[in-house]
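Remarks on the structure that follows.
Everything numeric here is computed off the predicted structure, so don't read it as measured data. Convention: sequence-line order gives letters A, B, ...; per-chain numbering from 1.
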Amino acid sequence: MTFFSPTAIPADLVEGLNPPQRAAVEYRGDALLIIAGAGSGKTRVLTHRIASLIATREAWPSQILAITFTNKAAAEMRERVGHLLGEAVEGMWISTFHSACVRILRREAEKFGYTQGFTIYDSADSKALLKRIVKALEAESMGVTVSTAQNRISALKNELIDPDGFARQVDSTNPRDQLILEIYRQYQRQLERNKAFDFDDLIAQTVWLFRAFPEIAALYQRRFRHILVDEYQDTNHAQYALIRELTRGAEPQHVPADTRIPLAADGSIPPASLTVVGDSDQSIYAFRGADIRNITEFEKDFPGAETILLEQNYRSTQHILDAANAVIGNNFDRRPKNLWTAAGEGAKIVGYTGYSAHDEAQFVADEIHKLRDGGISFNDMAVFYRTNAQTRTLEEILIRSAVPYRLIGGTKFYERAEVKDIVAYLMTIANPADELSVRRIINSPKRGIGPTTETAISIFAQDNDITYREAMGRAKELGLGPKVTNAIGDLEHILAEAEESIDPSRNTGAVSVSDMLAKLVQRVGYVEKLRATGNPQDDARAENVEELINVAKEFDKQHPDGTLVDFLTEVALVAAADDLDDESGAVSLMTLHTAKGLEYDAVFITGVEEELLPHRMSADEPGGLAEERRLFYVGITRARKVLHLSLAMTRTQYGESSVAMPSRFLQEIPDALIAWRQSPGMATSRGGERPRALNATGFGAGSGGRRAVGSRSYGEMPRGEGLKSEFKPTRGNRQFDNQITGAVKDNSDLVLEIGDRVKHTDFGEGTVRNVTGLAKKRIAEVEFDDVGRKKLLIKVAPLEKL
DNA sequence: TATAACAGTATTTTT
DNA sequence: TACTGTTATA
């Protein structure tokens with residue numbers, strides 16, 4: 001066994017690493033499992049390992065395939081490897097599973113009867129397709145909803161079970177399963193007819209491709225000599241199978257003729273080396289098929305594998321780690337692991353119990369200002385929550401408290417109807433076979449083509465065995481009214497024109513993606529029609545469309561040779577975390593799931609309540625509670641210096657407010673680690689501290705009882721509506737700066753000076769201590785008589801000068 | 001065909 | 001609450 005390469009690893013690639021980290025960089029063998037606790041420097045190990053392989057000439061950059069969880073992580077890893085080697089490295093594949101598979105599938109598409117420009121359906125697209133099928137089969141009446149069908153099919157694909165495979169194992173006496181099977185068949189047939197893949201297909205079809213065509217697989221088995229997979233605990237069966245295929249040595253008869261790498265004695269391609277990094281304690285995607293056994297049984301799967309444990313944490317203080325260890329220790333059935341640090345104890349964890357979600361949010365806002373005054377920049381702070389619905393209250397309070405923030409994920413830019421519409425136009429142009437996309441845009445903007453006409457075209461296409469688009473081209477034969485016929489003809493003409501202009505076979509004068517898009521939008525009159533309504537919401541929509549054109553311009557700038565298909569691929573595969581930019585000067589808001597892999601000086605975990613942090617939906621799933629605990633663990637371990645845990649006594653959801661109990665996870669943290677500003681006990685007891693904000697009217701001073709917990713309690717606040725509809729989203733997330741436009745209540749004319757007495761609807765009376773900021777961003781710092789000092793954004797504060 | 005008004009309902013996490 | 005789907009009416 002030769003563990004060490006002939007060329008020594010340059011010293012600077014191992015210096016400064018601790019012994020296990022160093023061992024992980026130096027190990028040379030077929031399979032390596034790195035169990036990397038949170039904050040143990042695994043990205044460092046991975047980048048150094050890749051750099052060492054290249055520096056020693058053991059591998060060319062093109063022989064490396066590294067799989068990361070997000071595109072952002074991929075970009076970062078690429079940059080760090082380049083930095084270590086002192087030059088940009090070309091030819092490495094560093095990407096997500098999905099991106100890598102798309103690349104392979106596009107390259108090989110023609111070999112299995114697909115088109116290179118196939119469309120990628122996101123979950124909303126597949127939902128729309130399934131909706132049609134479910135409706136046609138009247139499956140809802142049998143208790144099969146669109147989302148059940150979607151979930152079942154997704155799970156089947158993750159297990160690499162195709163409709164035929166499902167037919168073999170399905171319980172034929174179960175009518176619902178029979179129905180699912182039929183839906184699955186039709187769905188898959190339509191995807192194929194539309195030349196489209198859904199997210200799950202991207203992985204599954206690649207595996208299928210490799211299995212069906214060993215000589216194609218051999219191309220990649222030969223190419224990728226070193227495969228590295230990050231976040232291995234979150235891989236599903238299909239992804240696991242893909243890795244297995246890639247690390248399988250190719251049989252001699254499939255080895256391509258021009259192979260120059262050393263072959264085994266029998267002429268086969270030896271298996272590639274595999275490095276996986278993960279932490280079973282951070283597995284949080286079981287709900288979408290992640291199989292923790294992939295990591296726990298790695299050594300069985302790859303006999304002779306080396307395992308290296310990284311336990312020293314370089315991120316958090318000991319108090320934070322103690323809490324994390326204590327919490328995760330309640331999960332049985334795990335390989336024991338104890339994170340430790342040399343960083344010292346650090347500050348205690350801060351706990352706070354609000355009377356309401358508003359109160360809790362106000363606490364977060366106040367603390368953010370305090371931390372900022374203490375020298376931590378907004379960039380280095382993050383607020384986490386279990387569900388996206390929690391953002392509403394947080395946003396409302398953060399805006400009014402003048403805390404700049406950005407939402408990561410949430411209702412994403414690309415999920416907005418108007419953006420999806422325009423993207424559907426592009427999909428139609430890139431792939432005329434895609435019926436779903438044409439039908440989405442056939443009457444948007446309104447052209448007088450209703451459901452009747454739409455169905456007529458569909459039937460005509462079926463009867464004549466032509467595509468939907470071809471049927472549109474022969475609109476005259478449909479025998480419809482002249483108005484509708486013209487409308488169809490016009491649309492068809494615009495689409496054909498756009499197709500012509502972007503045609504990849506034209507080698508001269510090809511129009512850029514953004515130019516084509518801009519012209520298309522103009523020809524269709526999409527923005528124009530939105531502007532004409534005079535509705536402020538439509539104005540915001542128009543801006544979104546314009547923003548999409550800007551995104552395309554940016555794409556053209558970054559990829560001068562990029563095609564429309566490339567652009568659509570990028571649009572389809574952006575992840576929530578990809579949009580993070582570290583220089584924004586704003587606090588980041590995101591779900592606990594999105595937080596994985598990130599770190600911040602100060603972290604707030606909000607809504608640490610029963611039913612929410614172990615989420616009620618997890619209760620009846622096997623292993624659900626353990627997964628929720630891991631999620632909490634992930635959240636805790638994101639914090640470098642300060643951790644805040646907060647909850648509310650009542651939470652309003654779906655218009656109804658109900659009493660919330662502290663999460664059981666809180667009790668798993670030793671008391672000594674948490675300094676409660678207001679503990680769950682204090683908040684309920686009579687002598688407890690007065691509520692910080694009086695906005696939980698009827699709950700606070702005296703009146704007691706839970707009679708008044710209705711949602712009207714916040715009646716005096718400007719309700720979110722007006723504010724929210726004005727938000728101008730930038731790609732993927734909305735930013736503070738853009739949100740303060742003409743809100744419901746515009747206070748921007750209010751002139752305040754130091755010493756002025758003011759009255760606030762929630763906080764009562766107070767004295768202005770300071771005024772900062774300009775114009776619409778003027779911020780008043782007010783010392784309230786009852787609730788202390790607060791910073792308020794004057795423009796939106798319910799404030800009155802006395 | 002488009003729109004407004006109404007009723008019913010589902011509520012997690014995401015590539 | 002907020003979104004979807006249905007129904008009535010223009």
If only side-chain N and O atoms of [X] are considered, is one of them under 4.0 Å from the OP1 or OP2 phosphate oxygen of [N]?
X: A:Lys131; N: C:dG5; result: yes
X: A:Thr591; N: B:dT14; result: yes
X: A:Thr594; N: B:dT14; result: yes
X: A:Asn388; N: B:dT14; result: yes

Nucleotide [N], atom [atom2] - distance to [atom1] of [X] in whole Å:
X: A:Glu627; N: B:dT13; atom1: CD; atom2: P; value: 13 Å
X: A:Asn151; N: B:dT11; atom1: CG; atom2: P; value: 10 Å
X: A:Leu631; N: B:dT12; atom1: CG; atom2: C1'; value: 10 Å
X: A:Tyr385; N: B:dT11; atom1: OH; atom2: P; value: 20 Å
X: A:Asn158; N: B:dT15; atom1: CG; atom2: P; value: 14 Å
X: A:Tyr654; N: B:dT11; atom1: OH; atom2: P; value: 8 Å

*Hey, are A:Ser99 and A:Thr96 close enough side-chain-wise for a donor-acceptor pair under 3.5 Å?*
yes
*Donor + acceptor pair across side chains of A:Asn331, A:Tyr633 (<3.5 Å)*: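 Distance-only check fails for A:Asn331 and A:Tyr633.
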*For A:Asn443 and A:Arg386, take the nucleotide of DNA chain B holding the closest heavy atom to each; which residue's nucleotide lies nearer the 5' end?*
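It is A:Asn443 whose nearest nucleotide is closer to the 5' end.
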*asked:* On DNA chain B, compare the nucleotides closest to A:Met617 and A:Thr70; which residue's is nearer the 5' end?
replied: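 Mapping each residue to its closest nucleotide by heavy atoms, the 5'-most match is A:Met617.
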*Mind checking the CE-CG spacing from A:Met590 to A:Asn388? Nearest 0.5 Å is all I need.*
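So the gap between those two atoms works out to 11.5 Å.
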*Distance (rounded to the nearest 0.5 Å) between A:Leu645 CG and A:Thr606 OG1*: 10.0 Å
_Any base atoms under 4.0 Å from A:Glu621, or only sugar-phosphate, or nothing? Heavy atoms, all strands._
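Touches a base.
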*Basic-acidic side-chain contact under 4.0 Å: A:Asp125, A:Lys420*: yes
Write out a two-atom table: protein N or O, nucleotide N or O from nucleotides 4-9 of chain B, distance below 3.5 Å.
none

_Name of the residue among A:Thr637, A:Asp234, A:Thr70, A:Thr591 meeting side chain to side chain donor-acceptor pair (under 3.5 Å) with A:Lys596_ = A:Asp234
*Near A:Lys529 NZ, under 6.0 Å, is it more than 12 heavy atoms from other residues, nucleotides or ligands?*
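Count over threshold, so yes.
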*Compare the aromatic ring of A:Phe287 with the six-membered base ring of B:dT13 and state whether they stack according to the 5.5 Å and 30° rule.*
yes
